[in-house]
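This report concerns only the one structure given below.
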Amino acid sequence: MRPTRPEFVPDPSLSRAEMESLQREVAAAADFSDDLSFEPASVSLATESLVPADDRPLVAGVDQAFLDDHAVSAVVVLRGGEVVERAHAVSELSIPYIPGLLSFREGGPILDAVAELDCEPDLFVFDGSGRIHFRQAGLATHMGVVLDTPAIGVAKSLLCGEPRESVDERPEGWQTPVVAADGVEPRAGVDGDGFAETVVGYAYQSRQYPNSMKINPLYVSPGHRVSAETTVELVARLGGEYKLPEPTRLADSYADEVKRDY
DNA sequence: GCGACAG
DNA sequence: ATCTTGTCGC
């Protein structure tokens with residue numbers, strides 16, 4: 001699969017100011033409302049379904065592992081609970097990790113792995129933020145716009161934005177909106193008025209210990225063509241026995257596997 | 001100047 | 001993200 005919007009492909013050789021301005025263009029091109037080719041309710045990890053296999057969405061989990069200045073990017077595509085394709089790529093990294101500019105370090109390598117994919121996923125699940133980002137253009141948004149495919153971001157910690165309630169010691173299944181106040185910049189000519197109260201994502205407690213509540217929540221946000229509400233629903237439906245959604249876990253272990261035999 | 005910061 | 005053994009607990 002190749003980029004649909006090559007003009008937005010992250011270029012690590014850009015200056016910081018140029019990277020930020022590209023992010024503003026990406027955010028302006030992003031669609032944070034539902035525009036999916038499938039019914040969110042049809043998403044599940046169940047192997048059996050009343051829905052014909054060909055009508056079930058292809059969900060791709062993307063994650064990476066690192067070795068010195070190389071990234072191992074892995075993509076695992078699921079249809080229900082079945083893995084239908086895996087692809088990976090080992091790419092050279094040109095810039096260090098800079099908060100807010102993650103897609104310029106990892107975006108190219110991710111696209112290298114996605115290029116190896118024969119199928120066209122209906123949804124991408126990225127390891128990182130989407131709309132929960134200083135300029136509303138986190139990794140999931142950037143990749144989603146470049147591929148013009150529905151995408152969501154699943155992060156293990158909060159980059160910016162403000163949860164409406166304290167996220168401490170919450171029970172499994174609990175969720176609360178993350179609003180734009182505190183660090184999220186409105187899109188010129190797009191976001192108006194009370195933007196500070198706009199829901200840019202959700203804190204979601206995917207797993208929790210029955211008695212001692214100590215696991216931190218996940219911070220999920222729309223990447224492209226998905227609303228914040230549908231994003232949490234999808235993450236909930238893609239969750240298995242662990243904290244991270246299954247597509248992400250599988251991509252994570254696949255990346256480690258490739259790194260090990262490298 | 002101070003604080004905050006996905007992977 | 002990565003460096004890393006054992007160990008506490010269900």
Side-chain angles (χ1 to χ4, degrees), chain A residues 10 12 16 19-20 23 26-27 30 61-75 88-113 124-145 151-163 167 172 178 180-185 200-204 206-224 228 231 235 241-245 247-249 251-260 262:
Chain A
R16 180 169 189 137
M19 290 181 181
E20 294 181 355
Q23 289 185 323
V26 166
V62 182
D63 195 28
Q64 296 164 302
F66 301 85
L67 309 92
D68 292 308
D69 56 346
H70 285 280
V72 176
S73 307
V75 185
H88 68 87
V90 177
S91 326
E92 195 154 0
L93 292 164
S94 32
I95 61 172
Y97 163 68
I98 301 169
L101 299 177
L102 184 66
S103 64
F104 288 90
R105 169 180 166 82
E106 307 185 346
I110 285 174
L111 293 172
D112 289 341
F124 278 94
V125 180
F126 292 101
D127 194 25
S129 297
R131 194 181 188 185
I132 293 181
H133 178 273
F134 308 127
R135 290 164 291 281
Q136 300 186 58
L139 181 70
T141 300
H142 205 143
M143 296 295 97
V145 168
I152 62 179
V154 177
K156 293 181 281 301
S157 58
L158 191 60
L159 176 60
C160 56
E162 177 179 280
V167 303
E172 199 166 298
V178 170
D182 191 8
V184 183
E185 168 187 307
V200 293
Y202 277 84
Y204 173 61
S206 57
R207 294 294 283 177
Q208 189 52 281
Y209 297 133
N211 300 308
S212 58
M213 320 269 260
K214 285 179 173 303
I215 298 179
N216 292 129
L218 247 25
Y219 294 93
V220 306
S221 58
H224 182 48
T231 296
V235 172
E241 311 303 303
Y242 303 84
K243 173 173 177 173
L244 293 172
T248 303
R249 283 191 59 254
D252 182 88
S253 53
Y254 181 43
D256 281 338
E257 179 188 323
V258 173
K259 172 182 173 179
R260 174 166 56 71
Y262 184 67

Query raised in the report: Is atom CG of A:D69 surrounded by more than 12 heavy atoms (other residues, nucleotides or ligands) closer than 6.0 Å?
Result: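 Yes - once you tally the heavy atoms of other residues, nucleotides and ligands closer than 6.0 Å, there are more than 12.
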Query raised in the report: Does NZ or CZ of A:R105 fall inside the cone over A:Y97's six-membered ring, less than 6.0 Å from its centre and within 45° of the axis?
Result: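 No, A:R105 and A:Y97 do not form such a contact.
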Measure from the side-chain heavy atoms of [X] and tell me the nearest of [options].
X: A:A65; options: B:dC5, B:dG7, C:dT2; answer: C:dT2
X: A:S157; options: C:dT2, B:dG7, B:dC5; answer: B:dG7
X: A:P99; options: B:dC5, C:dA1, C:dT2; answer: B:dC5

Pick base, sugar-phosphate or nothing for [X], based on heavy-atom distances below 4.0 Å to the nucleic acid.
X: A:Y219; answer: nothing
X: A:L101; answer: base
X: A:F66; answer: sugar-phosphate
X: A:A71; answer: nothing

[X] has an atom [atom1]; how far is it from atom [atom2] of [N], in whole Å?
X: A:F104; N: C:dA1; atom1: CZ; atom2: P; result: 21 Å
X: A:L102; N: B:dA6; atom1: CG; atom2: P; result: 9 Å
X: A:L67; N: C:dA1; atom1: CG; atom2: P; result: 14 Å
X: A:K214; N: C:dG9; atom1: NZ; atom2: C1'; result: 14 Å
X: A:Q64; N: C:dA1; atom1: CD; atom2: P; result: 11 Å
X: A:D256; N: B:dG7; atom1: CG; atom2: P; result: 15 Å
X: A:I98; N: B:dA4; atom1: CD1; atom2: P; result: 20 Å
X: A:D68; N: C:dA1; atom1: CG; atom2: P; result: 17 Å

Report task. Check whether any side-chain N or O of A:Q136 sits under 3.5 Å from a backbone N or O of A:E185 as a donor-acceptor pair, and report yes or no. Result ->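 Checked: pair present.
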Query raised in the report: Is there a side-chain polar atom (N or O) of A:K259 under 4.0 Å from OP1 or OP2 of C:dA1?
Result: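 Looking at the OP1 and OP2 atoms of C:dA1, neither is under 4.0 Å from any side-chain N or O of A:K259.
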Query raised in the report: Can a side chain N or O of A:K156 be found less than 4.0 Å away from OP1 or OP2 on B:dG7?
Result: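 So the side chain of A:K156 is within the cut-off, an N or O lying under 4.0 Å from OP1 or OP2 of B:dG7.
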Requested in this report: Measure from the ring center of A:F104 to the ring center of A:H142 and say whether it is less than 6.0 Å.
Outcome: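 Yes, they do, as the ring centres are separated by less than 6.0 Å.
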Report task. Run the numbers on A:K156 and A:D127 for salt bridge (Lys or Arg N to Asp or Glu O under 4.0 Å), then give the verdict. Result -> CA-CA 8 Å; A:K156 293 181 281 301; A:D127 194 25; 3.2 Å; yes
